[in-house]
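Here is the structure we will look at, set down as structure tokens.
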Amino acid sequence: MAAADTDALRQIAIALLGEPKHVLLHGQSWGGNVAAKTAELYALDWRGRKNYDGVVLTSGLLAGGGHGYDFRADLRAVYQYYCKNHPRADEVQYPVWQGLPKGAKMSRDELQQRVDECTGISLAKDKRSPEQAKTLTNILAVTKVPEKTLVAHLSWATGLFSDIVWRRMDGKNPFANADVQYKGSDDDAALNKGVERFKADPQAARLMAYDADLTGQIVAPTITLHAKNDPTVFVDHEAIYRRTVDKAGNGELLVQNFSDEAEHSKLSTPQYAALFSAMLSWIDKGEKPTPQTVAALCEKKAETYKEPCKLLPDFVPQIQER
């Protein structure tokens, strides 16, 4: 639906403003998944001509819906093993993959209170009880979720999961952790024995994949940018996307860039400027960029925007296997 809306907007803009010299498709964060999906579904018109000359994806959720939320399903299961307050013992019991029971609501503040109660995350480190500190350390070590975004990820794994399951999947489960071996705690054996396990419903998994997974079938030059330590969409999404595009035989159309940042929503301004300059040179002159040439462009843009360029042209992310 979001991809269809995006391409409809392109058509509306052209109808109102006239034919442009170039059409660039840009998506950031979840919008990166939307733009990448749009580039696969609506890249060409009925005559085989390109609707989009180039694609720029920043901080993108490029593992797709089928895998992009796996770690949040893990987080719900691991959190519940340690904290046992989401749900509490005296509340309606439900499998954590549901997010919440059908029709139930939970505010961000209420969720924050539960996380505080269990981990003391809002307290200074020296104000947490030994049990809170131990619990928080275990949850972060196992899930690899940064402390500063723990509540945010739990919130998505609550409200967003509830929306996916009840509004889109007719109550069926698209998530799975049955075969995951959790590591990094002070007692992995006990964790893996006691954590809640669940298997995906095949129909729900197919629907999720059909809606939001990527195939790598791209036809337009594509440039990405991702912070090495992105706390919201982990950088291994880029490694998964690279594998997907290479498997489809389109690796020559993908140039990936990485920065030495721990940000998600707004990366350093010269980096965006360098991406778009590199994209236009690729389209107009056939000069395919490299991480090194984008980094050089970024240094020039830094003089204009008075912000640092933090690109890491030699960095290559690895896939974090569950």
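Ionic pairing of E91 and K84 is not present here: no N-O contact between side-chain nitrogen and carboxylate oxygen is shorter than 4.0 angstrom. One finds a salt bridge joining R10 and D7 here, because a Lys/Arg side-chain nitrogen approaches an Asp/Glu carboxylate oxygen to under 4.0 Å. Of the charged side-chain nitrogens involved, at least one lies within less than 4.0 Å of a carboxylate oxygen, so that R88 and E117 count as a salt-bridged pair. With salt bridges taken as basic N to acidic carboxylate O contacts below 4.0 Å, one links R114 and E110.
The side-chain hydrogen bond (donor to acceptor under 3.5 Å, both in side chains) test with H264 is passed by exactly one of T232, N229, T58, D230: D230. Of the residues T143, V115, I139, T149, the one that meets the side chain to side chain contact (heavy atoms under 4.5 Å, CB included) test with L154 is V115. Just one residue in the list W166, W97, W156, F175 forms a ring pair (Phe, Tyr, Trp, His ring centres under 6.0 Å) with F161, and that residue is F175.
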Report the C-alpha distance between L25 and T6 in whole Å, list the side-chain angles of each, state the deciding distance to 0.1 Å, and finish with yes or no for side-chain contact (heavy atoms from CB on, under 4.5 Å). CA-CA 9 Å; L25 177 59; T6 299; 3.8 Å; yes
Go through the steps to decide whether H86 and T158 satisfy the test side-chain contact (heavy atoms from CB on, under 4.5 Å), and finish with yes or no. CA-CA 9 Å; H86 190 29; T158 300; 2.9 Å; yes
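In this structure, the side chain of N257 engages the main chain of T224 through a donor-acceptor pair within 3.5 Å. Q80 places a side-chain N or O within 3.5 Å of a backbone atom of P87 that can act as its donor or acceptor partner. A donor-acceptor contact shorter than 3.5 Å is absent between the side chain of Q132 and the backbone of C118. Looking only at distances, a side-chain donor or acceptor of T290 sits under 3.5 Å from a matching main-chain atom of T293. Formation of a donor-acceptor pair under 3.5 Å by the Y42 side chain with backbone atoms of N51 is not found in this model. Looking only at distances, no side-chain donor or acceptor of E147 sits under 3.5 Å from a matching main-chain atom of L140. For E196 (side chain) and V96 (main-chain N/O), a donor-acceptor pair under 3.5 Å exists by modelled atom type. For the pair H153 (side chain) and F71 (backbone), a donor-acceptor distance under 3.5 Å is absent. The backbone N or O of E252 lies less than 3.5 Å from a partner atom in the side chain of K288, making a donor-acceptor pair. Side chain of R322 to main chain of D179: no donor-acceptor pair is present (N/O by atom type, distance under 3.5 Å, no hydrogens or angles).
Under a cutoff of 6.0 Å and an axis angle of 45°, K50 and Y52 do not form a cation-pi pair.
Using a 4.5 Å heavy-atom cutoff, the side chains of S268 and E261 are in contact.
A distance of 11.0 Å separates CD1 in I223 from CG in L253, rounded to the nearest 0.5 Å.
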